[in-house]
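Right, one structure below, let's go through it.
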Amino acid sequence: MTFIQLPPLLLALTLCVLAACTTQPGDAIHTPARATAAAPDFGPTVIIADPATPNLQQRINEIFAAQEKAQFGDGRYAILFKPGNYNLDIPVGFYTQVAGLGGSPDDVHINGAVRSNPFLANRNATCNFWRCIENLSITPSATGGTNVWAVSQGAWLRRVHIKGNLALSDGGWSSGGYLADSRIDGHVDSGSQQQWFSRNADWGTWKGANWNMVFVGVIHPPAGAWPDKPYTVIDATPVIREKPYLCFEQGQYVVKVHATNVAPSRGLTWDAAKPATLPIDRFYIARADRDTAATLNAALETGKHLLLTPGIYHLDAALNVTRPDTIVLGLGYATLAPTGTSAALQVADVGGVTIAGILFEGSEAGTASLVTIGEPGAKASHASNPTVIADITCRTGGPRPGRAECMLTINSNNVIIDHAWLWRADHGEGAKWDVNTTRNGLIVNGSDVTSYGLFVEHQHEYQTIWNGNGGRVYFYQSEMPYDPPSAAAWSHGNTTGYASYKVSDAVTTHEAWGLGVYSYFRDAAIVADTAIEVPEVPGVKMHHMVTIRLNGLENSGIAHVINDRGEPVIHARKAVVD
């Protein structure tokens, strides 16, 4: 999460310490219909709507009432719309996915709004996490024709067509976010967004700038040069496989699966791409109220894909993906939560796996790595069929105590990260220096790993360690831990603190664009030596870096942006390096 300095002359930070909502999933909201061949039983917290569904607005309002402030609640919801036209105002709260079931976003049309508004005072959206819109179109009915999507980390827009304008804040601060494969007919106003990542999108115009905004494969990126404008523009997306999505066509549920695009791409995929169709019976439809690690692994062993319906899956063993091209797709922020020291998910060194739409939560006992892709020492090339990790959160602490040595470890080559938030909680249950101990957020050992939209925050040591060659990172947002009790407790050797982004000394090729590292040392007056640490060799290239001192104790901050270069942010607020 990001704490920010509020509008001018206001130095106090708004703390978001919230009580978990006590409403239980499904309370007076939805009763599932009997499963049929055409309509699988997706469970009580998947709402399937069509234009004739009675009392639909009331159901949506009930879900929002349960989820609006349930930052660390157990409710999980997916609201899914069959093709058609709807007149609805859809407020989106925590752990809520709103998605269309059409082949194209324009097959589902919402006239009204699908919106995220701040629930904190002063229109502060810096805690508007874990909510998303996918695969539908919206004609905003608000004055000015603007749909408001004020969000922070763990929230996304995918395959969305806004037939009007899009506002990414609601007048107060916000700290997101991620947009991909989407069209906005009018303008995008980023407002107070501290940072934002956009990929393969098209809009009329973009206005607004703050600290770090990255555009990859966007048709109409904003004009302006770094550092006068905090814009990083990459003409084309080098390699991507878009996230699979659930679809209802010809009276049947299917999952649409894209091929990997290894050619540079710009703009939308849904204008021309023709994804493959997998029948729903190729998927094991998992339910948190009945399934265990044993039943889920048994399904994987038989060759099934997994469709994780909304809920929290308490696992006494890791899920093991061993077959190439396996899909593990979550709906409604499905959460995998180990109960002991096992990982949540382990993927063998095979190609073509997709892990998407899942929240991974560390246990109090802790694990070596919450999610692992490939075995140590993996050598195989998966250049033509990479594994993709899309729209995931890994977290320790928050709703309950949790810990891990590392959140996400990538040993395989040619992996794509397409939006991830790796968060050691800075508030909530168990958010204490000696309780939710987590050494690193991301460790990359594989070669030729590419990341789009990477958020890593508050780990005890290096937030990110990159050991493999050929890495590419497009957008990085990170906060150092808020809570080291002293400089001595957060030092190694002769170095005060740990760089957020560490490229190992043995790496000879690595490139990254648009990196923002922030500090807010609230418990001790610490000055970290540097934000980014890399070997100074010709093949390691870093572009557009910024450090921000959000606030904190007097005489605290970051001394350098990269290695020993860049001005300090101790008494100043911001420093940049080209």
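Because the structure is a prediction, the values reported are computed rather than measured.
- For N210 and S192, the side-chain atoms include no donor-acceptor pair closer than 3.5 Å.
- Between F119 and F94, the ring planes lie perpendicular to each other; the angle is over 60°, past the 30° to 60° tilted range.
- Considering all non-hydrogen atoms of both residues, P535 and V507 come closest at CG-O, 3.6 Å.
- Scored by the salt bridge (Lys or Arg N to Asp or Glu O under 4.0 Å) test, E536 finds R565 as partners (sequence neighbours excluded).
- The structure places CD1 of I240 at 7.0 Å from CG of N200, a figure rounded to the nearest 0.5 Å.
- Interatomic distance, CG of N469 versus OG of S504, reported as 10.0 Å (0.5 Å rounding).
- Closest non-hydrogen pair, L268 versus D202, comes out as CD2-N, 4.3 Å.
- Relative to the six-membered ring of W270, R183 meets both conditions, a distance below 6.0 Å and an angle of at most 45° to the axis.
- In this structure, R131 is not positioned above the aromatic face of W149 in the sense of NZ or CZ being under 6.0 Å from the six-membered ring centre and within 45° of the axis.
- With hydrogens and angles ignored, the 3.5 Å screen pairs a side-chain donor or acceptor of N436 with a backbone N or O of T396.
- Aromatic ring centres of W156 and Y333 lie closer together than 6.0 Å.
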_Test salt bridge (charged side-chain N to carboxylate O under 4.0 Å, His left out) applied to D418 and K243, step by step_ = CA-CA 9 Å; D418 189 29; K243 179 182 174 182; over 6 Å; no
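- Atoms OG and CD1, on S500 and I532 in that order, are 7.5 Å from each other to the nearest 0.5 Å.
- There is a side-chain donor-acceptor pair under 3.5 Å between R472 and T450.
- For G374 against N411, the heavy-atom pair with the smallest separation is O-ND2, 2.8 Å.
- Between R424 and P481, the closest heavy-atom pair is NH1-CB, 4.2 Å.
- A salt bridge links R199 with E242: the distance from a Lys NZ or Arg NE/NH1/NH2 to an Asp or Glu carboxylate oxygen falls below 4.0 Å.
- The two residues V561 and E567 come nearest to each other via the heavy atoms CG2-O, 4.2 Å.
- Residue L454 is tested with F197, Y476, W421 for a side chain to side chain contact (heavy atoms under 4.5 Å, CB included); the sole match is Y476.
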*Given side-chain hydrogen bond (donor to acceptor under 3.5 Å, both in side chains), test S174 with Q193 step by step and report yes or no.*
CA-CA 5 Å; S174 44; Q193 274 289 346; 3.1 Å; yes
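- Side-chain contact of D181 with T269: a donor-acceptor pair under 3.5 Å is present, judged by distance alone.
- Side-chain atoms of S519 do not come within 3.5 Å of backbone N or O of G557 as any donor-acceptor pair.
- Ion pairing between a basic and an acidic side chain is recognised when a charged N comes within 4.0 Å of a carboxylate O; E405 and R439 show such pairing.
- Checked against a 6.0 Å centroid threshold, the rings of H544 and W226 count as neighbours.
- Residue pairs meeting the salt bridge (charged side-chain N to carboxylate O under 4.0 Å, His left out) criterion with at least one partner in residues 214-238, sequence neighbours excluded, are D235-R266.
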*Apply the test salt bridge (charged side-chain N to carboxylate O under 4.0 Å, His left out) to residues D106 and R159: give CA-CA distance (whole Å), side-chain angles for both, the deciding distance (0.1 Å), then the verdict.*
CA-CA 10 Å; D106 288 330; R159 292 175 56 83; over 6 Å; no
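- Ring centroids of W211 and Y518 are separated by less than 6.0 Å, placing the two rings close together.
- Listed here is the closest heavy atom pair of G453 and F475: CA-CD2, 3.8 Å.
- Side chains of S152 and S175: a donor-acceptor N/O pair is absent below 3.5 angstrom, by distance only.
- Between the side chains of Y462 and H492, at least one donor N or O lies within less than 3.5 Å of an accepting N or O.
- Between F215 and the options Y452, W513, W206, a ring-ring contact (aromatic ring centres under 6.0 Å, His included) holds for only W206.
- For the residue pair N413 and H382, no side-chain donor N or O sits within less than 3.5 Å of a side-chain acceptor on the partner.
- Remark: the Q463 side chain and the E457 side chain contain no N/O donor-acceptor pair separated by less than 3.5 Å.
- There is no side-chain donor-acceptor pair under 3.5 Å between T464 and W466.
- No donor-acceptor pair under 3.5 Å is formed between the side chain of N122 and the backbone N or O of N124.
- Judged by distance alone, with hydrogens and angles left aside, the side-chain atoms of S137 form a donor-acceptor pair with the main-chain N or O of V108 at under 3.5 Å.
- In this structure, H510 has its ring center under 6.0 Å from that of Y501.
- For the atom pair L157 CG and C132 SG, the distance stands at 9.0 Å (nearest 0.5 Å).
- Judged purely by atom type and a 3.5 angstrom limit, N165 uses its side chain to pair as donor or acceptor with the backbone of G144.
- Counting only distance, with no hydrogens or angles, the side chain of S491 and the backbone of A487 share a donor-acceptor pair below 3.5 Å.
- H458 contributes no side-chain N or O that, together with a main-chain N or O of A425, makes up a donor-acceptor pair within less than 3.5 Å.
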*Please assess E554 against H571 for the test side-chain hydrogen bond (donor to acceptor under 3.5 Å, both in side chains), listing each intermediate value before the final yes or no.*
CA-CA 8 Å; E554 188 176 358; H571 306 293; over 6 Å; no
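- From M545, atom CE reaches atom OG1 of T232 across 10.0 Å, with rounding to the nearest 0.5 Å.
- Proximity of a side-chain donor or acceptor of N440 to a complementary backbone N or O of L442 within less than 3.5 Å is not detected.
- For Y498 and D529, the side-chain atoms include no donor-acceptor pair closer than 3.5 Å.
- Between the side chain of T530 and the backbone N or O of N563, at least one donor-acceptor pair lies under 3.5 Å.
- A salt bridge does not link K541 with E511: every distance from a Lys NZ or Arg NE/NH1/NH2 to an Asp or Glu carboxylate oxygen is 4.0 Å or more.
- The line from CG of L422 to OG of S478 is 9.5 Å long, rounded to the nearest 0.5 Å.
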